[in-house]
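The structure under discussion appears below in the form of structure tokens.
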Amino acid sequence: MHNINYIRENPTEFDNLMKLRGEKPLSSKIIEIDKQKRETQTILQSLLGERNTISKTIGIQKKNNKDVSFEMKKIEEIKNKINTLKELENIKENELNAILIRLPNIPHKTVPLGKDENDNKLYKEWGKKPKFNFQPKKHFEIGEELGLINFELASKLSGSRFVVLKKQISKLERAISNFMLDKHTEVNGYTEYSVPFLVKNNSLYGTGQLPKFGDDLFTAGEDHWLIPTAEVPLTNLVRDEILNVKQLPIRSTSYTPCFRSEAGAAGKDTRGMLRQHQFTKVELVSIVEPQHSEDELERMLQSAESILKDLEIHYRIMTLCTGDMGFSASKTYDIEVWLPGEDNYREISSCSNCNDFQSRRMNTRYKSDGKNIFVHTLNGSGLAVGRTLIAILENYQTEDGNVKIPDALFKYFHNKTLI
RNA sequence: GGAGAGAUGGGUGAGUGGCUUAAACCACAGGUUUGCUAAACCUGCGAAGGAAGUAAUUCCUUCCGAGGGUUCGAAUCCCUCUCUCUCCGCCA
């Protein structure tokens, strides 16, 4: 949600920034509605003041048994006007909100300009592509040949874009998530939460999935949605709160399943478990003071990176361009992991600074020097567990169809190889 | 699922139609004094918005879970909805 004062003061700049995100110029319309709303409000407020004064007089007169018919007549006149103006104010308020709630966040000044993912900029790289003296297989080839990944069984149960894992691979998934959670809580300073996987409308409005992106979500019953990411419950923990500055920064993490309908991705990545309706993820969320959010994004990125470094898997980091960022983000880094079987880099984490965009929707502020200031929110994957599993299978595969287990996981997997 | 109770500022909580300009306490911020892992006292302190002014500031409006209604006037009365708690039932 945008600050209306900012739009009022910088209409051209606002329009230009929105254009970068594929939106039409709306500032003049916004300002016009806002102006009508405020004009209505001003008249309404003076009438309400008048009514209050007269009402007080009536109270006193009645107590003294004096005639109040003159005052009553006056109020009768004002009342109709008040009702009409109230209605008008409501209409204008709703019109304004309807526009504002659907506009994406403003890109940070360091975000590269661009149309789509091809314009993303390389930020940094870590490690090297592993060399194989055989043709590396794709993760599902490895898994299916071992009989430990089964898509047919999953489709019998639930249709396409689901998977059934078995035995060692199932255990490996559990090992990965435990490793990530321990790292983030014991080393990176995040607090672990277990949160609901079903949320109500309000929470999804708060983080920006609703009202625009309901098609990407699954519903459960009449009032609940399945979370597409733990960002939703973790960030909304502070919705409608006025925090004390001493509580900040809040750094939280949670391991949850994520549910996405992938409505806009028909036909994409249909083979394998790269793009599923259900997957698990360890999420990182930070709630910070505005002046710290830029540093916090780097810190969060490093926390996510620390997982891949420990697992010793090559990756690169891209700064997303203006056209490729998510709705609520003002700046996003994608960590892309190297997948030898795919012969490609694939997103394994997305770390975003949403600045005050979500906190305005959630009405989350903190008190500093007597003032209430909107917090800045950040979220990032630390990491997507399913895709980390894929990365391990493909990067650590051996010629005989086995998979080495990264040293960092030994504590959790208790074995040097997959089978 | 059944029955009952409730929702008031950052927190606890008073307030049953005009004397509320939302009490009091806690927390928080500033200060005074004594002093040393602090205490006592004093002062300030709900939120959102509008208007005027170069500005410090001043004035006004709205908000007591949400939305309607009654009334000259609603935190207070009525209706609808949402949520929370307690007990009973069912249940991992």
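The chains referred to below are lettered A, B, ... by the order of the sequence lines, with proteins before strands, and numbering in each begins at 1.
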In whole angstrom, give me the gap between the C1' atoms of B:C26 and B:C36. 25 Å

Whom does B:C41 pair with, Watson-Crick or G-U wobble, provided both distances fall under 3.5 Å? B:G31

Inter-nucleotide C1' distance (B:G9, B:G15), Å rounded: 15 Å

Please determine, for B:U20, whether a Watson-Crick or G-U wobble partner exists with both distances under 3.5 Å, and give it or none. none

Do A:Lys19 and A:Asp15 meet the salt-bridge criterion of a basic N to acidic O distance under 4.0 Å? no

Tell me the interatomic distance from A:Ile373, atom CD1, to B:G10, atom P, rounded to whole angstroms. 15 Å

Closest nucleotide of RNA chain B for A:Glu241 versus for A:Lys246: which of these residues is on the 5' side? A:Glu241

With a non-hydrogen cut-off below 4.0 angstrom, is A:Lys200 in contact with a base, only sugar-phosphate, or nothing? sugar-phosphate

Any strand, both distances under 3.5 Å, Watson-Crick or G-U wobble: B:G53 pairs with none

pair_partner(B:G9), Watson-Crick or wobble, both distances < 3.5 Å, evaluates to none

Taking any strand in view, what nucleotide pairs with B:G1 in a Watson-Crick or G-U wobble way, both distances under 3.5 Å? B:C88

Quick test of your reading of the model: are A:Glu262 and A:Arg161 salt-bridged, counting only N-O distances below 4.0 Å? no

Could you grab the distance from atom CD of A:Glu32 to atom CG of A:Leu96, nearest 0.5 Å is fine? 11.5 Å

Are the side chains of A:Asn353 and A:His108 in contact, using a 4.5 Å heavy-atom criterion? no

I'd like the C1' distance from B:U76 over to B:G6, given in whole Å. 16 Å

I want to check a possible cation-pi pair here: A:Lys171 against A:Phe413, using under 6.0 Å from ring centre and within 45° of the ring axis as the test. yes

Nearest-angstrom distance, P atom, B:A75 to B:G68: 15 Å

Side chain to side chain, A:Arg387 and A:Val337, heavy atoms closer than 4.5 Å: no

Using a strict cut-off of less than 4.0 Å between a Lys/Arg side-chain nitrogen and an Asp/Glu carboxylate oxygen, indicate whether A:Lys281 and A:Glu283 qualify as a salt bridge. yes

Nucleotide by nucleotide, nucleotides 66-78 of chain B touches protein heavy atoms under 4.0 Å in the pattern (B base, S sugar-phosphate only, - none) ------BS-----

Whole-Å distance separating the CG atom of A:Leu44 from the C1' atom of B:U62: 9 Å

Taking atom P in both B:G73 and B:U61, what distance in whole Å separates the two? 15 Å

Roughly how many Å apart are B:U70 and B:G1, using the P atom of each and rounding to a whole number? 34 Å

To the nearest angstrom, how far is A:Glu50 atom CD from B:C60 atom C1'? 13 Å

B:G67 -> Watson-Crick or G-U wobble partner, both distances under 3.5 Å, gives B:C79

Charged N-O contact under 4.0 Å between A:Glu89 and A:Lys92: no

Going 5' to 3' through nucleotides 47-54 of chain B, assign each nucleotide B (protein heavy atom under 4.0 Å from a base atom), S (under 4.0 Å only from sugar-phosphate atoms) or - (no protein heavy atom that close). SSBSS---

Give a yes or no on whether a salt bridge exists between A:Asp356 and A:Arg360, defined as a side-chain N under 4.0 angstrom from a carboxylate O. yes

Give me the distance, rounded to whole Å, that separates B:G53 from B:U62 when you measure between the P atoms they each carry. 24 Å

Please measure how far the P atom in B:A14 lies from the corresponding atom in B:C77, and state the result in whole Å. 15 Å

Going by purine N1 to pyrimidine N3 plus the second Watson-Crick contact, or the G-U wobble pair, all under 3.5 Å, which nucleotide sits opposite B:U62? B:A47

Report the residue from A:Arg271, A:Lys138, A:Lys166, A:Lys137 that forms a salt bridge (Lys or Arg N to Asp or Glu O under 4.0 Å) with A:Glu144. A:Arg271

